[in-house]
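Take a look at the structure below.
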There are 2 protein chains.
Amino acid sequence: MDLDDVIRERRKLLGLTQEDLSDMTGVSLRTLKEIEMGRGNPTLRTLEKLALVLGLEIQLTVRKTAEQ
Amino acid sequence: MDLDDVIRERRKLLGLTQEDLSDMTGVSLRTLKEIEMGRGNPTLRTLEKLALVLGLEIQLTVRKTAEQ
DNA sequence: TGCAAATGTGTGGCATACTGCACTTTTGCA
DNA sequence: TGCAAAAGTGCAGTATGCCACACATTTGCA
């Protein structure tokens, strides 16, 4: 599951529109749309703003499954 | 543990210098240094390049611990 | 302890993430 | 089915991530 899917699903689970989430995080509506569409290339800080409000956390974990 | 610490520790565990990792990932030495210093604000694609070579994966998971 | 390897820093240019605005398209409910 | 809410798009300006180059500082080993 890609990060954009996680964000969109989590947002819907919380009953928020893109505009709601934009207001709550300070991430512009335009940028949020791009991220959820899988376009764009968000910075870590932008992802962190979204993660905080969505109750998510960003982790770098050791890859357990087969490479690539 | 912050992402920059994970990257640095993982790099050292694999016996790589910053220059090695820069060459292997295509992420410039300058950018890698900034990331490991905790300065800078890497894009998702830059983090993905590093994660791939370091055998790490980026995840957005539901925060289990107390908020904030 | 001296020295080479490794790491950190200043500067400047280019690419692009982020933003706001106006508009179009899609969605889903009365 | 009509319509308002929600989501997607084109465009243009600003901020900043990424990069190369040159140099300073720190590290750790012979």
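Every chain is numbered from 1, with letters handed out A, B, ... down the list of sequences. Computed from heavy atoms alone, side chains included, the values below leave out hydrogens, waters and symmetry copies.
In this structure, A:R45 places its CZ atom 10 Å from P of D:dT16, rounding to the nearest Å. In this entry the distance linking CD1 of B:I7 with P of C:dT7 reads 14 Å, nearest Å. Atom CG of A:L50 is separated from atom P of C:dA17 by 15 Å (rounded to the nearest Å). Computed from coordinates, the B:L29 CG to C:dG8 P distance equals 10 Å when rounded to whole Å. Distance, A:Q18 CD to C:dT19 P: 14 Å, rounded to whole Å. The separation between B:K33 atom NZ and D:dT27 atom P is 13 Å, rounded to whole Å. Between A:K49 atom NZ and C:dT19 atom P there is a gap of 6 Å when expressed in whole angstrom units. Rounded to a whole Å, the CG atom of B:D20 is 7 Å from the P atom of C:dA6.
Side-chain proximity of A:T43 to D:dA6, C:dA17, C:dT7: nearest is C:dA17. Of the candidates D:dT9, D:dC18, C:dT7, the closest approach to any side-chain atom of B:P42 belongs to D:dC18. For B:S28, the side-chain atoms get nearest to D:dC19 when compared with the rest of D:dC19, D:dG8, D:dA7. Of the listed nucleotides (C:dT7, D:dC18, C:dC18), D:dC18 has the atom at the smallest distance from the side chain of B:T46.
At a cut-off of 3.5 angstrom, counting only N and O atoms as typed in the model, there is a donor on one side and an acceptor on the other between the side-chain of B:R30 and the base of C:dT11. Between the base of D:dG8 and the side chain of A:R39 there is no donor-acceptor pair shorter than 3.5 Å.
Formation of a donor-acceptor pair under 3.5 Å by the B:R63 side chain with backbone atoms of A:E57 is not found in this model. Listed for the B:R10 side chain is a donor-acceptor partner under 3.5 Å among the backbone atoms of B:L54. Under the 3.5 Å distance criterion, the side-chain polar atoms of B:T31 are left unmatched by any main-chain donor or acceptor of B:V27. Not a single donor-acceptor pair under 3.5 Å links the side chain of B:D4 to the backbone N or O of B:I35.
Along DNA chain C, the nucleotide nearest to B:N41 and the one nearest to B:R8 differ in position, and the one closer to the 5' end is contacted by B:R8. Toward the 5' end of DNA chain D, the nearer of the two residues B:T31 and B:K12, judged by each one's closest nucleotide, is B:T31. Residue B:L16 is the one, among B:L16 and A:L32, whose nearest nucleotide of DNA chain C lies closer to the 5' end (criterion: closest heavy atom).
Atom CD of A:Q59 has more than 12 heavy atoms from other residues, nucleotides or ligands within 6.0 Å.
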